[in-house]
Structures are given as structure tokens and as C-alpha cells.
Undergrad: 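Here's a structure for you.
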Amino acid sequence: MGILSDIDEQIHRLTTTLFQRQESNGSWHFCFENGMTIDAYVIILLRTLNIQNEALIRRLHDRILAEQQPEGCWKLFRDEEEGNLSASVEAYYALLYSGYSRLTDEPVRRAKLFIQSKGGLQKVNSLLTQVILAATGQSKWPDSIVAIPLEVLLLPTFFPINFFEFSGYSRVHLAPVLIMADRNFSIKTVHTPELYDLNVHRMDTDERPSRTFQEMLDSIQSGINKLLGTPQYIHQVATTKAEQFIVQRIESDGTLYSYASSTILMIFALLALGYPKQHPLITHAVQGIIAMRCSSSRKTTIQNSPSTVWDTALLAYALQEAGVANNHLAIRKASAYLLSRQHHKPGDWIIHNPNTVPGGWGFSETNTINPDVDDTTAALRVIQGISRTDSSYKEARNRGLNWVLSMQNNDGGWPAFEKNTNNEMLTWLAIDGAKSAAIDPSEADLTGRTLEYLGNFAGLRTRHEFIKSATYWLINHQEQDGSWYGRWGICYIYGTWAALTGLKAVGLSTQHETIQKGARWLLSIQNPDGGWGESCRSDRLLVYVPLGESTPSQTAWALDALIAVHSQPTVAMNRGVYRLIASLQEDKWTTSYPTGAGLPGNFYVHYHSYRYIWPLLALGHYRKKYGN
């Protein structure tokens with residue numbers, strides 16, 4: 001009985017903490033912490049607009065400075081080899097632009113030496129970094145962007161390559177970038193630092209576009225040639241279309257699509273279009289970005305998209321699985337909050353999924369037009385029980401379930417945001433990370449988590465053809481070693497957890513070779529201390545890379561998957577439980593290591609909520625399955 005009493009003690013401690021931290025409106029607010037990028041961009045933006053928010057600028061400056069490594073660089077995660085050039089350039093630029101660091105300061109000198117040693121500004125490969133540098137007059141506009149004509153926005157949706165074949169995330173970043181590049185826009189102030197000394201002189205290299213990228217451009221140009229009107233008229237229409245595209249997707253808090261990154265680009269694009277710095281759209285957007293700050297006694301950072309809906313849904317669900325009743329005040333309040341955040345108006349997703357009633361949920365509190373499958377199933381798990389007795393929740397559940405089912409891709413899997421947006425040609429963009437950002441294909445983590453909901457909460461099994469299709473998709477996308485790649489978490493542990501729990505939920509036998517291979521793989525990578533840990537390097541290299549230490553969330557994912565597979569706990573699982581419990585008492589780098597993924601090689605997330613959500617869920621499932 002020892003392990004069960006230890007689990008009960010931890011469940012009690014976690015639930016008590018979460019009850020205390022719940023907001024009066026039923027939500028939970030935990031920080032969605034990114035690297036330095038957004039903090040740096042906000043400093044550059046505020047200085048460019050001459051907005052005197054010195055308290056915020058100073059705190060962002062101090063956070064960036066505190067994250068500098070001894071070698072002079074900045075990293076996106078602790079074990080990133082050799083530092084990150086793009087992040088280091090952004091940090092260097094922001095420190096100087098803030099006015100609180102100077103060229104003669106020792107940390108700035110170390111940063112400069114690191115940047116020069118890695119090839120200088122010419123070697124920066126992050127598109128967002130290149131765009132910010134170009135928009136503020138530090139470099140020329142990248143050829144890979146200038147080559148894409150603004151007229152791409154006018155191509156009809158039936159054309160093989162059109163603007164709406166890009167993922168929603170890409171579009172809201174690409175539209176403002178194309179506006180700026182089209183006008184060769186740049187803006188400087190009297191306080192803008194000059195970064196010319198970061199350029200490392202080198203011989204000109206052959207920068208002709210690749211064959212595949214040129215094929216994509218030729219296809220776009222072929223479509224543009226079919227448009228009616230003079231080139232000047234068509235170009236003006238395209239400019240107006242791009243401006244309208246942006247303005248029509250501004251949320252109530254002033255942000256574009258509820259992302260800080262796209263909102264920052266939008267502000268620069270509006271300036272490129274001739275909007276004055278004090279225009280209401282710009283001032284409101286700045287207010288929206290600043291409202292995304294997350295502060296503690298130790299640091300302040302700007303979240304790219306606060307995770308309030310995601311955190312609230314997952315925390316309430318974890319509490320339910322740990323034994324908190326549906327009629328408990330905390331669950332009732334969380335459910336009411338989630339009900340208020342369900343979407344009621346169509347977004348761009350309807351282009352590829354017409355004739356479907358809106359009913360999804362988004363990631364952030366202010367998100368009203370960009371729902372995603374993962375947030376929707378997370379919210380549906382919470383309201384499922386209440387919907388049996390409350391008609392308002394029943395209607396919401398039915399709309400949400402219908403929306404999720406309608407989003408299934410033709411290949412059987414599920415995407416994040418938009419259906420059937422997997423045009424391989426768009427990955428030919430000469431942009432770092434294009435394969436992950438430009439398209440929104442079926443993913444193992446999304447498909448697995450959707451199946452877990454449909455199986456455990458909607459009672460669907462493989463006798464249904466669309467469930468069978470999704471099951472086949474997962475089986476066919478299992479790696480040779482037994483793992484699955486997870487797009488939105490780090491990485492193979494995350495994907496394998498989602499796939500195994502999903503396949504088990506819809507009735508795949510434990511004895512099925514797919515299940516057995518997945519479980520064997522998880523056991524094969526268990527750390528000597530009993531836990532699990534995976535490096536962020538996995539998602540860029542597309543192969544499992546061990547972290548060498550155990551993290552709470554990754555240990556919980558592996559444990560939860562094994563709990564789903566095994567009818568009785570094993571010695572290895574119990575070792576994992578004790579490692580997980582021990583990690584909950586720790587406060588070291590492994591507890592804050594990013595296990596959320598945004599864009600491979602460029603954007604990683606430390607969810608402050610994850611040390612509560614996943615351990616509580618795994619411990620709750622252990623108690624529920626083995627407690628008797």
C-alpha cells in the first residue's frame with residue numbers, strides 16, 4: 001500500500017494548490033514562457049514607436065541579460081549546442097536598443113564576439129529575425145521573401161498554390177511580411193543602434209533559388225498571369241487585399257490572431273502602408289501585446305500567446321481524473337469559463353471545411369476565430385460529464401464534437417488548425433522551418449489525443465470507419481523503433497504517449513504489435529533514476545535525443561502511456577512513479593526545461609502549468625486503474 005498512499009498524498013497536495021490558484025472566473029493563469037525572441041522584439045518595437053514604457057523595457061532588458069551564457073551567446077534550451085545565432089542577434093540588438101546596455105559593456109562585447117564567430121548577420125537563418133532586421137534598416141530584405149509577389153493573395157482557392165493553402169499560422173505572419181517586403185520598408189529612429197559591425201565580410205556566394213523553390217514561384221506567377229487587369233491595377237488590388245486580410249483578423253484585444261509575433265509584424269506592416277505611429281489600430285495592438293506580459297518577482301517576459309484556455313481545460317480534466325467530482329465548485333467554475341470561450345463564428349478553417357457549424361475552442365482567452373483540434377478535445381473532456389445533466393453544456397458538447405469530427409483529414413489523421421492543408425510544394429519555400437510552419441498536416445500527437453477523447457469520452461471504437469482510418473494512419477506512421485513523432489510537444493515521448501493512449505482508447509488490443517513496440521520503446525529509454533527526459537534537439541534532427549536527465553512532464557507522459565497499456569503496474573512503472581513524485585519537490589533546470597514545441601529549431605515553450613497537469617493526470621490514472 002506504500003506507493004498508493006504516496007500517490008494519494010501528492011494528489012491531495014496538487015489539488016489543494018490548484019484550488020487555491022484558480023481565478024474567480026474559473027480559469028487558471030500560468031505563464032506560457034518562450035525564449036528571448038518576443039521580449040527582444042517588444043523592446044525594438046517600443047523604441048521604434050517612441051513609446052516610453054521604461055519599467056517594462058528595463059525588466060525585459062534584465063530578463064534577456066540574465067539569460068546570456070558564459071560564451072556570450074543565448075540558447076533556446078539548455079543543451080542547445082554552440083548557442084543560437086538568431087536568438088543571440090535578437091538579444092544583442094534589443095539590449096543596445098533599450099538604452100540600458102552599451103557597446104562597451106562586457107556582456108555586449110562577449111555577445112558581439114560570439115555573433116561574429118558564427119558568421120554575423122549574414123548567417124542568421126530565422127525568418128522572423130531576418131524580417132525584424134530588414135524592417136528596422138539593419139539588413140536588406142531576404143531574397144526568399146522578396147521573390148514571393150504580393151499578388152499571391154489574389155489567386156483563387158481552387159488554384160494549386162494559393163494563399164489559403166498556407167497554414168493559418170503562416171498566413172498571419174506572411175501577409176504583413178509581404179507588405180513590408182513589397183515596399184522595401186524600413187524604419188529607423190535617432191536611437192536605433194547600428195549593427196553593421198556584426199557583418200562578417202565574405203566573398204559573394206551563388207544565391208540562386210533552389211529548383212523546387214523556383215518551381216513554386218513559377219506556379220504562382222502562372223496563376224498571376226491569368227488575373228485580369230493591368231499589372232499596376234492588380235498590384236493595388238493585392239495591396240488592399242493584404243491590408244484587409246490583416247485588419248479583419250484583429251481580435252478584441254487589438255492583436256492579430258492573438259499572437260504577439262504576428263501582431264508585431266502587423267504594426268510594422270501598417271507603418272509600411274502609411275499608418276501614423278499613433279493610429280488607434282497600432283496603439284491598441286501595442287496594448288494587447290503588453291497585456292500578454294507574465295511577471296514574477298524574478299523576471300518579466302512577454303508570452304507569444306497566453307495559454308489560458310489550454311491550461312484551464314487540461315487542469316480541470318486532470319482534477320477530474322484525480323477524483324474531483326463534476327459538481328465540485330472548481331470544476332463547475334472551470335466548465336462555465338470554458339463554455340464562455342467556445343467559438344460561435346467561422347474562421348479561416350471554414351475554407352477547407354465548409355458547411356460546418358463553429359464549435360471549437362482556441363488556445364488563448366481572446367482567441368475567437370482560430371480554434372484548434374487539441375484545445376477543443378481538451379475542453380470537451382471537461383464538460384462531458386456536466387453535459388449529461390445540463391442542456392446548455394449538451395448543446396456545446398455536440399457542436400464541439402461535430403466540429404472535431406469534421407476536421408479529420410482525408411488521410412485519416414487530424415491536423416491542428418485547418419483541414420487538408422498539406423501542400424508539399426509550400427515546404428519548398430527557402431525559409432528555415434518552412435516544413436513545419438507552412439503546412440498543417442496530420443500529426444501523431446493530434447490524432448492520438450483526438451482518438452483518446454473519441455474512445456474514452458464518446459465511446460467510439462474501430463468498428464466505425466473513420467476511427468479505423470485514424471487507427472491505420474497511426475499504425476502506418478509509427479517509427480521503426482516503435483515511437484511516434486509529436487509535433488507540439490518534445491517530442492517522441494510526447495507523440496508516443498498520445499498515440500498509445502489513443503489507440504488503446506478506441507479498442508486496439510494490448511497484444512497488437514504496434515502497442516507492444518511503442519511500450520517497449522518507452523521502457524528502453526527509461527533513465528537510470530526511473531524517469532524520462534528528451535532533448536529539444538529531437539524535433540530538429542527527427543530522431544530521439546536523450547536529455548540525460550528526467551523532466552516531470554515527460555516522465556508523466558511515459559508513465560501515462562504505460563498505465564494505458566498494462567493491466568497491472570510493473571517494477572519499471574513504480575520506479576517512474578517515485579521519480580515523478582520526487583521531481584515535484586524539486587526546483588532545478590529540469591523542472592523548467594521546455595517540453596512544448598512551436599517551431600523546430602526556432603520556438604520552444606516552458607509551460608509553467610505542465611508540472612501540475614501531467615503529473616496529476618498520470619498519478620490520477622494510476623490510482624484509478626490500480627487502486628483496487
Side-chain angles (χ1 to χ4, degrees), residues 1 3-30 307-342 361 365 374-390 392-394 396-397 400 449 452-453 455-459 497 501 505 552-553 555-557 559-561 563-564 569 577 580-581 583-585 607-628:
M1 291 297 292
I3 193 169
L4 289 174
S5 61
D6 289 342
I7 286 173
D8 285 341
E9 181 182 341
Q10 291 306 314
I11 288 176
H12 176 73
R13 190 178 67 81
L14 289 169
T15 54
T16 301
T17 300
L18 291 174
F19 292 155
Q20 293 170 345
R21 292 196 59 163
Q22 190 176 26
E23 302 289 328
S24 59
N25 70 350
S27 66
W28 278 275
H29 291 186
F30 283 91
S307 52
T308 313
V309 174
W310 176 245
D311 287 339
T312 300
L314 291 177
L315 286 163
Y317 165 58
L319 286 168
Q320 289 169 312
E321 294 299 286
V324 179
N326 288 330
N327 62 0
H328 190 285
L329 179 60
I331 302 300
R332 295 206 315 271
K333 287 170 63 178
S335 299
Y337 171 80
L338 291 171
L339 187 66
S340 73
R341 304 322 305 159
Q342 188 174 26
W361 276 263
E365 192 165 60
D374 226 359
D375 274 284
T376 302
T377 59
L380 287 170
R381 286 180 181 89
V382 178
I383 68 173
Q384 185 80 21
I386 297 177
S387 68
R388 297 190 184 100
T389 56
D390 189 319
S392 61
Y393 286 97
K394 184 176 181 179
R397 182 205 64 191
R449 284 179 53 73
E452 192 276 336
Y453 164 71
N456 286 339
F457 291 82
W497 159 70
T501 53
S553 54
T555 298
W557 291 333
L559 265 178
D560 200 43
I563 291 166
V577 168
L580 181 60
I581 289 174
S583 73
L584 298 178
Q585 323 305 322
Y607 287 89
H608 288 213
S609 60
Y610 274 17
R611 68 176 302 172
Y612 299 96
I613 293 168
W614 306 118
L616 181 58
L617 189 68
L619 295 176
H621 283 163
Y622 187 105
R623 160 51 89 179
K624 181 186 286 190
K625 187 166 186 177
Y626 308 131
N628 296 322

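Side-chain atoms are counted along with the backbone in the values below, which use heavy atoms only and exclude waters and symmetry mates. Given the structure is predicted, the values throughout are model-derived calculations rather than measurements.
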Undergrad: Give the minimum heavy-atom separation between Gly26 and Thr312, together with the two atoms involved.
TA: O-CG2, 3.7 Å
Undergrad: Determine whether Ile3 and Ile7 satisfy the following criterion, side-chain contact (heavy atoms from CB on, under 4.5 Å), listing intermediate values before the conclusion.
TA: CA-CA 6 Å; Ile3 193 169; Ile7 286 173; 4.2 Å; yes
Undergrad: For the backbone of Leu18 and the side chain of Gln22, can you confirm whether one donor and one acceptor N or O come within less than 3.5 Å of each other?
TA: no
Undergrad: Of all heavy-atom pairs between Leu338 and Trp361, which one has the smallest distance, and what is that distance?
TA: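 So the two residues come closest at O-NE1, 2.6 Å.
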Undergrad: Quick one: do Thr377 and Phe457 satisfy side-chain contact (heavy atoms from CB on, under 4.5 Å)? Show the steps, please.
TA: CA-CA 10 Å; Thr377 59; Phe457 291 82; over 6 Å; no
Undergrad: Give a yes or no on whether the backbone of Tyr393 and the side-chain of Ser387 come within a donor-acceptor separation of less than 3.5 Å.
TA: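 No, Ser387 side chain to Tyr393 backbone: no donor-acceptor pair under 3.5 Å.
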Undergrad: Step by step, work out the side-chain contact (heavy atoms from CB on, under 4.5 Å) result for Phe19 and His328.
TA: CA-CA 11 Å; Phe19 292 155; His328 190 285; 3.7 Å; yes
Undergrad: Among Tyr610, Tyr612, Tyr607, find the residue that satisfies the ring-ring contact (aromatic ring centres under 6.0 Å, His included) test when tested with Phe30.
TA: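 So the option named by the test is Tyr612.
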Undergrad: Are the side chain of Arg21 and the backbone N or O of Trp28 linked by a donor-acceptor pair below 3.5 Å?
TA: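 No.
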Undergrad: Is there a donor-acceptor contact under 3.5 Å from the side chain of Gln320 to the main chain of Asn326?
TA: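 Looks like no, no N/O pair under 3.5 Å.
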Undergrad: Could you state the interatomic distance from OG (Ser392) to CZ (Arg397), rounded to the nearest 0.5 Å?
TA: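 One gets 12.0 Å once the value is rounded to the nearest 0.5 Å.
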Undergrad: Which atoms form the tightest heavy-atom contact between Leu617 and Ala318, and what is the distance?
TA: CD1-CA, 4.1 Å
Undergrad: Heavy atoms only: give me the nearest Asp311-Ser609 pair and the separation to one decimal.
TA: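 Closest heavy-atom pair between Asp311 and Ser609: OD1-OG, 2.7 Å.
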Undergrad: Between Pro615 and Ala556, which heavy-atom pair has the shortest distance, and what is it?
TA: N-CB, 3.6 Å
Undergrad: Can you name the nearest heavy-atom pair linking Arg623 to Ile11, along with the distance?
TA: CB-CD1, 4.3 Å
Undergrad: Within this structure, what is the CD1-CH2 distance for the pair Ile613 and Trp310, rounded to the nearest 0.5 Å?
TA: 8.0 Å
Undergrad: Could you go step by step and tell me if Gln384 and Arg381 meet the side chain to side chain donor-acceptor pair (under 3.5 Å) rule?
TA: CA-CA 5 Å; Gln384 185 80 21; Arg381 286 180 181 89; over 6 Å; no
Undergrad: First locate atom CG of Leu616, then atom CZ of Arg611, and finally report the distance between them rounded to the nearest 0.5 Å.
TA: 13.0 Å
Undergrad: Taking side-chain hydrogen bond (donor to acceptor under 3.5 Å, both in side chains) as the test, write out the residues that go with Gln342, two or more places apart.
TA: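 With sequence neighbours excluded, Gln342 shows a side-chain hydrogen bond (donor to acceptor under 3.5 Å, both in side chains) to Arg399, given in chain and number order.
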Undergrad: I need the Arg332 CZ to Ile386 CD1 distance, nearest 0.5 Å.
TA: 8.5 Å
Undergrad: When rounded to the nearest 0.5 angstrom, what distance separates CD in Glu365 from CG in Asn25?
TA: 6.0 Å
Undergrad: When you look at Gln10 and Gln585, which way does the side-chain contact (heavy atoms from CB on, under 4.5 Å) test go after all the steps?
TA: CA-CA 10 Å; Gln10 291 306 314; Gln585 323 305 322; 3.2 Å; yes
Undergrad: Determine the sole option in Trp614, Trp497, Tyr622 for which the side-chain hydrogen bond (donor to acceptor under 3.5 Å, both in side chains) test with Asp560 is passed.
TA: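 It is Trp497, the one option of Trp614, Trp497, Tyr622 that forms the side-chain hydrogen bond (donor to acceptor under 3.5 Å, both in side chains) with Asp560.
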Undergrad: When you look at NZ of Lys333, are more than 12 heavy atoms from neighbouring residues, nucleotides or ligands closer to it than 6.0 Å?
TA: yes
Undergrad: Measure the OH-OG1 distance between Tyr453 and Thr376 for me, rounded to the nearest 0.5 Å.
TA: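 Taking OH in Tyr453 and OG1 in Thr376, the distance rounds to 10.0 Å.
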